[in-house]
Amino acid sequence: MPRLNDQVRELLQEYADLINITGGDAFRARAYEKAARAVGEYPEDVAGLDAKGLQQIPGVGKSTAEKVAEFLATGRIPALEELRAKIPSGVREMTAVPGVGPKRALALHRDLGISSVDELAEAIRADKLSGLAGFGERSGEKILHGIELLRQSGGRTLLDAATELAEQLVAALSAVPGCTRCAYAGSLRRMRETVGDVDVLATAEDSAPLMAALTELPYVAEVIGSGPTKTSIRTDQGVQVDLRVVPEEDWGAALVYFTGSKAHNIKLRTMAVRAGLKLSEYGLFEVDGGAKVVSATEDEVYAALGLPWIPPTLREDRGEIEAALNDELPVLVQESDLRGDLHTHTDLTDGLATLTEMVDTAAARGYSYYAVTDHAPDLVMQRMTDEKMLAQREQLRELAGRHKKLRLLHGTELNIGPDGGVDWPPEFLAGFDVCVASVHSHFNLDRAAQTRRLIRACENPYVHVIGHLTTRRIGRRGPIDVDLDAVFAAAARTGTAIEVNSSPQRLDLRDEDVLRAKRHGVRFTIDSDAHATGQLAYPRYGIGTAQRGWLTAEDVVNTWTWQRLKHFLRKDALH
DNA sequence: GCCGTTTTCGGCCCGACTGTTTTCAGTCG
């Protein structure tokens with residue numbers, strides 16, 4: 001079940017979307033969007049707030065507070081239900097298709113009776129859109145491509161939502177009497193960027209109470225199937241969960257089997273066969289006679305195959321078994337290795353929290369250094385000015401003594417222009433402690449131009465970090481077309497770090513590209529790109545991507561001490 | 001609908017891109 005704030009966020013966002021689709025006042029819709037975001041990121045639980053308390057949330061006024069209070073009291077918002085009655089839910093879902101906004105969704109519904117993404121795809125294939133005002137020859141093609149993009153990740157759940165769900169499930173099932181072990185496995189344990197379903201494994205003498213506990217959870221929408229060893233449900237958020245219960249003595253073999261990946265397991269099984277053994281989810285057995293060798297722990301299973309334990313994030317058959325055989329497994333970077341965050345925002349631009357709130361939260365995370373990197377002026381909508389930036393720097397300097405162990409760095413997130421230039425001239429850039437530079441526009445340049453602009457950004461002596469290099473948004477927007485190897489070579493040559501952006505919507509660079517970049521000798525940062533205090537915890541997801549890219553703490557500059565990082569940030573002095 | 005060293009009305013993140021137009025609407029960041 002999502003946090004109550006998240007439920008309210010979703011309802012307010014739905015209300016805003018429906019206002020947009022029905023052609024209501026755009027500013028009113030925007031006000032609800034803003035309120036939705038503010039509630040979602042509000043650190044306190046809204047459950048304990050009354051209408052007055054709700055109005056303390058910035059962006060929530062009288063009208064929104066009343067609606068939320070009504071929801072908290074009755075579970076319903078009549079104003080929302082009225083709008084829902086006018087517009088089928090599929091019409092709103094169509095606006096999730098890249099290229100389809102509220103106006104087009106309404107036109108498609110009103111003029112062609114289309115009420116779902118599936119019907120939309122069908123109508124395009126049947127050439128029913130031509131002739132509709134505002135839709136030309138290329139529209140259908142573009143929308144179909146958008147639907148394709150949506151479906152590629154459609155049915156898959158982002159890492160943060162899946163992790164939160166899995167942690168709740170494990171907590172609930174661990175509390176069931178008779179449950180001796182419980183953990184999540186599958187691609188979530190390997191920390192893939194999206195997961196198709198959530199696999200939970202548990203041990204108990206009697207599986208029935210665990211199966212019953214799962215099916216009775218309040219957020220179960222459907223029981224897909226239930227037997228003595230396996231139960232599958234679907235949550236009200238549409239995520240499938242498979243629970244498997246095994247005897248405690250088989251825990252290790254089952255955990256290996258259900259963690260995967262399939263390719264990793266096939267390789268393990270092949271190794272077993274060569275040793276006269278057979279590996280399954282029930283254990284490692286001798287082929288002759290069928291005696292069980294081991295199955296109680298993962299350590300034992302790997303050891304019996306002549307291997308050290310292999311971290312789940314490496315189990316993709318990308319050379320980890322060979323490395324393990326040669327005793328060359330990397331010592332993977334851990335979240336606890338991170339000493340700071342070098343890419344964060346405040347409400348000076350598009351963040352939700354104040355500078356002080358962000359700094360306090362960073363201090364509570366135990367960091368030794370922390371950079372504020374609000375947007376630079378070329379991202380016009382953020383309305384940055386030199387004066388605002390300098391005033392923030394002053395404010396940050398005044399906070400310097402607030403947390404004794406936390407060094408505050410003043411930075412910015414620059415915009416890499418189409419030609420590779422950035423927002424400010426060298427003399428202004430020199431005033432920052434750290435500069436992240438990212439692509440925020442011109443996503444459709446050809447490969448040569450994209451490559452050129454990124455290399456030029458690396459060559460800028462004031463650019464320390466390239467942020468979210470490919471600019472992809474999972475399930476929403478593909479990566480830009482760029483020669484990554486050429487950019488990695490430039491980053492390595494110029495001493496420019498490449499970011500592993502930890503936002504679950506981005507996770508950019510992707511794991512396999514991290515691996516490639518590492519081979520070029522690139523250094524990395526693992527940053528939150530936080531726009532709210534709660535998002536400062538995002539590096540837990542970026543760490544997964546970094547581990548899947550085989551990174552060690554040595555590869556990641558924000559695990560370094562300040563003394564060492566300071567040297568790295570003096571890039572201009574090194575050349 | 002929200003908000004105020006623009007303060008109770010009148011603004012509100014602005015501009016580029018795309019495909020459709022022939023002067024612009026819709027979408028997006």
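We name chains A, B, ... by the order of the sequence lines, and we start the count at 1 in each one. Just so it is clear, the model here is predicted, and its values are computed rather than measured.
No donor-acceptor contact under 3.5 angstrom links the side chains of His442(A) and His440(A), judged on distance only.
Note on Arg397(A) versus Asp433(A): salt bridge recorded, some NZ/NE/NH1/NH2 to OD/OE distance being below 4.0 Å. Using a cut-off of 4.0 Å between Lys/Arg side-chain N and Asp/Glu carboxylate O, Glu82(A) and Lys86(A) are scored as not salt-bridged.
For the pair Arg506(A) and Tyr541(A), the cation-pi criterion (under 6.0 Å, within 45° of the ring axis) is not fulfilled.
Near-neighbour residues of DNA chain B inside residues 118-126 of chain A, defined by a heavy atom below 4.0 Å, are absent. If you check residues 63-87 of chain A against DNA chain B, the residues with a heavy atom closer than 4.0 Å are Ser63(A), Thr64(A), listed by number. DNA chain B is contacted by Val380(A) of residues 372-380 of chain A, taking any non-hydrogen atom closer than 4.0 Å. The stretch residues 24-42 of chain A touches DNA chain B through Asp25(A), Phe27(A), Arg28(A), Arg30(A), Ala31(A), Tyr32(A), each having a heavy atom under 4.0 angstrom from the strand.
One atom, CE of Met94(A), and another, P of dG26(B), lie 15 Å apart when rounded to the nearest Å. In this structure, NE2 of His145(A) is placed 14 Å from P of dT18(B), rounded to the nearest angstrom. For the pair Lys103(A) NZ and dA25(B) P, the interatomic distance rounds to 11 Å; values are reported in whole Å. If you measure from atom CG of Leu54(A) to atom P of dG1(B), you get 16 Å, rounded to the nearest angstrom. Residue Leu445(A) contributes atom CG, which lies 12 Å from atom C1' of dA16(B) at whole-angstrom precision. Whole-Å rounding puts the Asn20(A) CG to dC28(B) P distance at 11 Å. Atom CG in Asp529(A) sits about 13 Å away from atom C1' in dG29(B), given to the nearest Å. In this structure, CD of Gln382(A) is placed 13 Å from P of dG29(B), rounded to the nearest angstrom.
Counting only residues at least two apart or on different chains, the salt bridge (Lys or Arg N to Asp or Glu O under 4.0 Å) pairs with a member in residues 9-37 of chain A are Arg9(A)-Glu41(A), Glu10(A)-Arg92(A), Glu14(A)-Arg84(A), Asp17(A)-Arg92(A).
For the C1' atoms, the distance linking dC13(B) with dT8(B) amounts to 24 Å, nearest Å. Using atom C1' as the reference point in both dT18(B) and dC12(B), the two lie 26 Å apart (nearest Å). Comparing dT23(B) with dA16(B), their P atoms are spaced 22 Å from each other, to the whole Å. Nucleotides dG10(B) and dG15(B), compared at atom C1', are 23 Å apart to the nearest Å. For dT20(B) and dA25(B), the C1' atoms lie 9 Å apart once the distance is rounded to whole Å. The gap from the C1' atom of dG19(B) to that of dC2(B) amounts to 35 Å, rounded to the nearest Å. The gap from the P atom of dT22(B) to that of dC17(B) amounts to 22 Å, rounded to the nearest Å. Taking atom P in both dG26(B) and dT21(B), the straight-line distance is 13 Å, to the nearest Å.
Applying the side-chain contact (heavy atoms from CB on, under 4.5 Å) test to Pro78(A) and every residue at least two apart in sequence or in another chain returns Glu70(A). Taking the salt bridge (Lys or Arg N to Asp or Glu O under 4.0 Å) definition, one finds that Asp419(A) meets it with Arg456(A), sequence neighbours left out. With sequence neighbours excluded, the residues forming a side-chain contact (heavy atoms from CB on, under 4.5 Å) with Glu141(A) are Arg138(A), listed by chain and number. In this structure Arg516(A) satisfies the side chain to side chain donor-acceptor pair (under 3.5 Å) test together with Asp485(A), sequence neighbours excluded. With sequence neighbours excluded, no residue forms a salt bridge (Lys or Arg N to Asp or Glu O under 4.0 Å) with Asp50(A). In terms of the salt bridge (Lys or Arg N to Asp or Glu O under 4.0 Å) criterion, residue partners of Glu193(A) (sequence neighbours excluded) are, by chain and number, Arg472(A). Among residues two or more places apart in sequence or in another chain, the side-chain contact (heavy atoms from CB on, under 4.5 Å) test is passed with Ala161(A) by Thr157(A).
Annotation: the span from His468(A) atom NE2 to Arg473(A) atom CZ amounts to 8.5 Å, rounded to 0.5 Å.
Of the side-chain N and O atoms in His442(A), one or more sit less than 4.0 angstrom from OP1 or OP2 of dC17(B). Distances shorter than 4.0 Å separate none of the side-chain N or O atoms of Asn444(A) from OP1 or OP2 on dA16(B).
The aromatic ring centres of Trp424(A) and Tyr462(A) sit 6.0 Å or more apart.
Annotation: side chain of Ile526(A) is in contact with side chain of Ser502(A) (closest heavy-atom distance under 4.5 Å).
Partner assigned to dT8(B) is none, using Watson-Crick or G-U wobble distances below 3.5 angstrom.
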